[in-house]
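What follows is a single structure, written as structure tokens, with notes after it.
Numbers here are sequence positions counted from 1.
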Amino acid sequence: MAGSSGFQLGVVGSLTLSVASSVSIVICNKALMSTLGFPFATTLTSWHLMVTFCSLYAAQRFHFFEPKSIDAKTVILFGFLNGSSIGFLNLSLGFNSIGFYQMTKLAIIPFTVLLETLFLNKTFSQSIKLSLLVLLLGVGIASVTDLNLNFVGSVLSALAIATTCVGQIMTNTIQKRLKVSSTQLLYQSSPYQAAILFATGPFVDQLLTNQSVFSYDYKLIVLAFIVLSCSIAVIVNFSTFLVIGTTSPVTYQVLGHLKTCLILFIGYIILHDPFTVRNIVGILIAIFGMALYSYFSVQESQRKSASDVLPVSQMAQKEAAPLLAIKNNDKNDDETAK
């Protein structure tokens, strides 16, 4: 029981850390890109991952965690998928309208459920599916605006959905199958993710912004915000792997939509972004959907725990039955002898 309580506390802590760090980095990056005029999102992400790797390298040198080797093929494939996912999401945003980009992010949840059902034989109850539907409806109302379609943007969105779903499922599967922690997996994979984005980031950013990251005028305040963004990114990357490893890819996506709602709300309060009745209604529906998802997930987790304990207790009763029979026979023999 104490172990279960400790695990649940750890899950709550990882979810809280993920939300807090993600909201913080969005506010920081919004100031960096919108206010200070630094538009190179993909290149910035490659710096995030390089700083994350350097931080983890220093941490393991000081014995904060024990590194664990993972076969090169798995790590390279994993790093390639996650790095490509970030690149395709940025390209999708560049070639599509904001509304279609938000629809792309919404589509990640049902496709993750579909992939886990088909290839991992995972089952999702009708209650969970209903709560996810309510959640997606709320986020859609709050964030989706126009839905202008184009062929290139649609292909990029499809690639973004596929690589994101597979990458997040692999994050969960690798940690459980190879018994590696989120820190160990992030330490092994972050150099490969950083490498693919470092190599492709400047070209992707120039394609999207018509500006070169190499000719940008780096002022002191811009450098300060870049350092701050990279520092927060270490926590974001760590908490992402932690959440997916301790919960599931679907739960992580649900958490991501909670972040979307919080960012919309904080954007209105702090950054004075436009906020309408539609945003408010959508956020309230999404929060209701997340509450339903959390409730049904806890209920199913408790039922699963009870079903795991039940066979053990039944087995103990079966093992005890012959002993009771022997004792009863001995007792009858004694009474006969008397």
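Taking both residues in full, the closest heavy atoms of I174 and V180 are given as O-CG2, 4.0 Å, listed atom of the first, atom of the second, then distance. The shortest non-hydrogen separation linking F225 to L32 is CB-CD1, 3.7 Å. What you find for N29 and S229 is that their closest heavy atoms are OD1-OG, 2.6 Å. Contact detail for V75 and S189: the closest heavy-atom pair is CG1-CA, 3.9 Å. For the pair S55 and V234, the tightest heavy-atom approach, listed with the atom from each and the gap, is OG-CG2, 3.8 Å. In terms of heavy-atom proximity, G201 sits nearest to T43 at C-OG1, 3.3 Å.
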Where do F198 and L49 land on the side-chain contact (heavy atoms from CB on, under 4.5 Å) test, with the steps shown first?
CA-CA 9 Å; F198 188 74; L49 288 163; over 6 Å; no
Could you check L292 against L130 for side-chain contact (heavy atoms from CB on, under 4.5 Å), going step by step and ending with a plain yes or no?
CA-CA 9 Å; L292 285 177; L130 175 63; 5.6 Å; no
Verdict with reasoning, T52 to L56, per side-chain contact (heavy atoms from CB on, under 4.5 Å):
CA-CA 6 Å; T52 297; L56 291 175; 4.1 Å; yes
Let me see the working for C165 and I161 under side-chain contact (heavy atoms from CB on, under 4.5 Å), right down to the final yes or no.
CA-CA 6 Å; C165 291; I161 292 168; 4.0 Å; yes
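L137 and F288 fall within the same hydrophobic cluster, where Ile, Leu, Val, Met, Phe, Trp and Tyr residues are linked whenever their side-chain heavy atoms come under 4.5 Å apart, directly or through other members. A continuous path of Ile, Leu, Val, Met, Phe, Trp and Tyr side chains, each step under 4.5 Å between heavy atoms, connects I285 with Y295, placing both in one hydrophobic cluster. No chain of hydrophobic side-chain contacts below 4.5 Å, direct or via other Ile, Leu, Val, Met, Phe, Trp or Tyr residues, connects L89 to L44. When the side chains of ILVMFWY residues are joined at heavy-atom separations under 4.5 Å, either directly or via intervening members, I27 and M33 end up in two distinct hydrophobic clusters. Linking ILVMFWY residues whenever their side-chain heavy atoms come closer than 4.5 Å, directly or via other members, places V134 and L106 in the same cluster.
The shortest distance between side-chain heavy atoms of F78 and Q193 falls below 4.5 Å. Inter-residue side-chain proximity for L135 and I109 is flagged as met; some heavy-atom pair is nearer than 4.5 Å. A heavy-atom distance below 4.5 Å is found between the side chains of T112 and E116. Taking the side chain as every heavy atom from C-beta outward, Q211 and D205 never approach each other to under 4.5 Å. Contact check for L159 versus V155: side-chain heavy atoms found under the 4.5 Å cut-off. Residues L207 and L91 form a side-chain contact, since some pair of their non-hydrogen atoms from C-beta on lies under 4.5 Å apart.
Around the CZ atom of F124, the shell of radius 6.0 Å holds more than 12 heavy atoms that belong to other residues, nucleotides or ligands. At most 12 heavy atoms of other shown residues, nucleotides or ligands fall within 6.0 angstrom of atom CD1 in I221. For F111, the CZ atom is loosely surrounded, since the number of other residues' heavy atoms within 6.0 Å does not exceed 12. Heavy atoms from other residues, nucleotides or ligands lying under 6.0 Å from NZ of K219 number 12 at most.
Within the model, atoms CD of Q188 and CG of D71 stand 10.0 Å from one another, a figure rounded to the nearest 0.5 Å. In this structure, CG on L228 lies 4.0 Å from CD1 on I232, to the nearest 0.5 angstrom. Atoms CG and CE, from L136 and M103 in turn, are 9.0 Å apart once rounded to the nearest 0.5 Å. The OG1 atom of T164 sits 4.5 Å away from atom CD1 of I108, with the distance rounded to the nearest 0.5 Å. In this structure, the separation between CD1 on I25 and NZ on K30 is 14.5 Å, given to the nearest 0.5 Å. How far OG of S46 is from CD1 of I196: 11.5 Å, rounded to the nearest 0.5 Å.
Partners of Y293 under the ring pair (Phe, Tyr, Trp, His ring centres under 6.0 Å) rule, at least two apart in sequence or in another chain, do not exist in this structure. Every residue two or more places apart in sequence or in another chain was checked for a ring pair (Phe, Tyr, Trp, His ring centres under 6.0 Å) with F95, and none qualifies. Residues that satisfy the ring pair (Phe, Tyr, Trp, His ring centres under 6.0 Å) test with F203, not counting sequence neighbours, are absent from this structure. Taking the salt bridge (charged side-chain N to carboxylate O under 4.0 Å, His left out) definition, one finds that K68 meets it with nothing, sequence neighbours left out.
The closest donor-acceptor contact from the side chain of Q175 to the backbone of F241 lies under 3.5 Å. No donor-acceptor pair closer than 3.5 Å links the side chain of S92 to the backbone N or O of F88. The backbone N or O of V236 sits less than 3.5 Å from a side-chain atom of S239, completing a donor-acceptor pair. A donor-acceptor pair under 3.5 Å is formed between the side chain of Q184 and the backbone N or O of E66. Judged by distance alone, the side chain of S231 and the main-chain N or O of V227 form a donor-acceptor pair under 3.5 Å.
Listed by first and then second residue, the salt bridge (Lys or Arg N to Asp or Glu O under 4.0 Å) pairs involving residues 158-181 amount to none (not counting sequence neighbours). Every pair passing ring pair (Phe, Tyr, Trp, His ring centres under 6.0 Å) that includes a residue from residues 175-197 is listed here, sequence neighbours excluded: F53-Y187, F65-Y187.
Ring geometry for F64 against F62 counts as tilted: the plane angle lies between 30° and 60°, on a 0 to 90° scale.
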